[in-house]
Amino acid sequence: MIVPLEHVLILAAALFALGAACAVMRRGVIMILVGVEIMFTGAAVAFIGAALRWQSLDGQAAVILAMGLAAAELAFGLALLVHARRRGGSLKSDRYTGLGGRT
Amino acid sequence: MTIYGALFYLLAGITLVAAVLAVTRKDPMHAVLYLVAALLATAAIFLLLGAPLPAILQVVIYAGAIMVFYLFIIMLLGPRGEGGSIAPRRAALPGLLAGLFLAAAWIVFDGDPGVKTVLSASQASAAALGAFLVKTYWPVLEAVSILLFAALVAALVLCRPRRPHPGGQAGRT
């Protein structure tokens, strides 16, 4: 006997909401990526709880696949960041206005 | 409340506090270090909920490799404090929406008898999960490996140093 599934899901929802709020309200691209990571973690907690509730391995498999997805996303995101910085850009998402016509 | 239940609430509290601190820090370096703490507590939650292989992978790959890579990039990109401060006016709407989302989720979970089931402790063996993953989800595994390869190529192309083309024209960027 551990806890009701409800509490696991509430923890997952809280982590997801926190990550989403972070991704929306922060301006630094690094902090936006941190928010996305927290959202991934919330989803993983929900998957693991559901895998235990229904005694199925699918949830745990999904967590491992999502981990690979997060690694690819982060590698590409950070490479974009290095590229933007090298081109003389800033790390603030507000400054990426090249497509707005005002440069 | 059993000892497992107490442990779960303790770890959930650590995860949430570390995540809140990670979200609100000004310095990205501190934020990522708090994120590592949150990920390690999550790995312990996975272990508690009967998933040893995801727990180990969370520590080794996520909190270990990916976060160290993150710290390297932050150090590489130079001056600290690039995270930017949070203007209260800017944080109000996302915070409100996140609170509303959480309240809605709470109401939905509260009204659903299906999620009241108390989880009983059991462990899925790593060998069983590995065999299941390769047997059932092999197309997805291949897709993830192709995705990782594509990300690798994209990172190499994006971070390629700019040098003039041997033909005399300006190098492509």
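By convention in this document, chain letters (A, B, ...) are assigned in the order of the sequence lines, proteins followed by strands, and residues within each chain are numbered from 1.
- Heavy-atom contacts from other residues, nucleotides or ligands closer than 6.0 Å to OH of Tyr70(B) number more than 12.
- A distance-only check finds no donor-acceptor pair linking the side chain of Glu37(A) to the backbone of Leu39(B) [under 3.5 Å].
- In plain terms, the two heavy atoms of Val8(A) and Phe8(B) that are nearest each other are CG2-CZ, 3.8 Å.
- Separation of atoms CG (Leu15(A)) and CG (Leu16(B)) is listed at 5.0 Å; rounding is to 0.5 Å.
- Both the backbone and the side chain of Val20(B) come within contact range of chain A, judged by heavy atoms closer than 4.5 Å.
- From Asp58(A), atom CG reaches atom CZ of Phe132(B) across 4.0 Å, with rounding to the nearest 0.5 Å.
- Residue with the most contacts toward chain A among Ala31(B), Ala38(B), Ser122(B): Ser122(B) (heavy-atom pairs, distance under 4.5 Å).
- By number of non-hydrogen pairs under 4.5 angstrom with chain B, the leading residue of Leu80(A), Val24(A), Leu81(A), Leu78(A) is Leu78(A).
- Linking ILVMFWY side-chain heavy atoms closer than 4.5 Å, directly or via other members, places Phe16(A) and Val108(B) in two distinct hydrophobic clusters.
- Screening Thr24(B), Val23(B), Leu102(B) for a side chain to side chain contact (heavy atoms under 4.5 Å, CB included) with Leu18(A), the sole residue that qualifies is Val23(B).
- Summarising the geometry, atom CG belonging to Leu57(A) is positioned 8.0 Å from atom OG belonging to Ser125(B); distances are rounded to the nearest 0.5 Å.
- Looking at Val3(A) and Val118(B), their side chains never come closer than 4.5 Å, going by heavy atoms from C-beta outward.
- At a threshold of 4.5 Å between non-hydrogen side-chain atoms, the residues Ile45(B) and Ile48(A) do not count as touching.
- For the ring pair (Phe, Tyr, Trp, His ring centres under 6.0 Å) with His7(A), the lone residue among Phe109(B), Tyr9(B), Trp106(B) that qualifies is Tyr9(B).
- The minimum heavy-atom distance between Leu129(B) and Ala61(A), with the atom names listed, is CD1-N, 3.9 Å.
- Within the 4.5 angstrom heavy-atom criterion, no atom of Leu97(B) approaches chain A.
- Residues Leu35(B) and Leu76(B) share a hydrophobic cluster, clusters being chains of Ile/Leu/Val/Met/Phe/Trp/Tyr side chains in contact below 4.5 Å.
- The nearest pair of heavy atoms linking Gln58(B) to Thr41(A) is NE2-CG2, 4.4 Å.
- Across every non-hydrogen atom of Met67(A) and Pro54(B), the tightest pair is CE-O, 3.9 Å.
- For Val63(A), the part sitting under 4.5 Å from any heavy atom of chain B is the side chain, from C-beta outward, and nothing else.
- Note on Tyr34(B) and Leu33(A): separate hydrophobic clusters, where clusters join Ile, Leu, Val, Met, Phe, Trp and Tyr whose side-chain heavy atoms are under 4.5 Å apart, directly or indirectly.
- Looking at heavy atoms from C-beta onward, Phe76(A) lies in side-chain contact with Leu158(B) at the 4.5 angstrom threshold.
- In this structure, chain A has heavy atoms under 4.5 Å from both the backbone and the side chain of Ala155(B).
- Residue Ile32(A) does not touch chain B at all, counting heavy-atom pairs closer than 4.5 Å.
- Contact tally against chain A (heavy-atom pairs below 4.5 Å) for Ala154(B), Ala19(B), Ala92(B), Ala6(B): the top residue is Ala19(B).
- Proximity to chain A is limited to the side chain of Leu53(B), based on heavy atoms less than 4.5 angstrom apart.
- Most heavy-atom pairs under 4.5 Å with chain B: of the set Gly19(A), Gly77(A), Cys22(A), this distinction falls to Cys22(A).
- Counting heavy atoms from C-beta outward, Pro28(B) and Val34(A) have side chains that stay 4.5 Å or more apart.
- Remark: Ile3(B) CD1 is loosely packed, at most 12 non-hydrogen atoms of other residues, nucleotides or ligands lying under 6.0 Å away.
- Heavy-atom distances place the side chain of Gln55(A), and not its backbone, under 4.5 Å from chain B.
- With rounding to the nearest 0.5 Å, the separation of CG in Leu65(A) from CG in Leu133(B) is 5.5 Å.
- Across every non-hydrogen atom of Ala22(B) and Ile38(A), the tightest pair is CB-CD1, 4.5 Å.
- Each of Leu156(B) and Val82(A) belongs to its own hydrophobic cluster when Ile, Leu, Val, Met, Phe, Trp and Tyr are linked at side-chain heavy-atom distances under 4.5 angstrom.
- Contacts between Ala71(A) and chain B at a heavy-atom distance below 4.5 Å involve backbone atoms as well as side-chain atoms.
- Within the 4.5 angstrom heavy-atom criterion, atoms from both the backbone and the side chain of Leu74(A) approach chain B.
- In this structure, chain A has heavy atoms under 4.5 Å from both the backbone and the side chain of Asp110(B).
- The two atoms that bring Ala17(A) and Ala98(B) nearest to each other are O-CB, 3.7 Å, heavy atoms only.
- Looking at heavy atoms from C-beta onward, Val144(B) lies out of side-chain contact with Leu69(A) at the 4.5 angstrom threshold.
- Contacts between Ala44(A) and chain B at a heavy-atom distance below 4.5 Å involve backbone atoms as well as side-chain atoms.
- For the atom pair NZ (Lys26(B)) and CZ (Arg26(A)), the distance works out to 9.5 Å, reported to the nearest 0.5 Å.
- Of the listed residues Tyr137(B), Phe46(B), Phe69(B), the one with more heavy-atom pairs under 4.5 angstrom with chain A than any other is Phe46(B).
- Leu11(A) and Ile14(B) are assigned to two separate hydrophobic clusters, defined by single-linkage of ILVMFWY side chains at heavy-atom distances under 4.5 Å.
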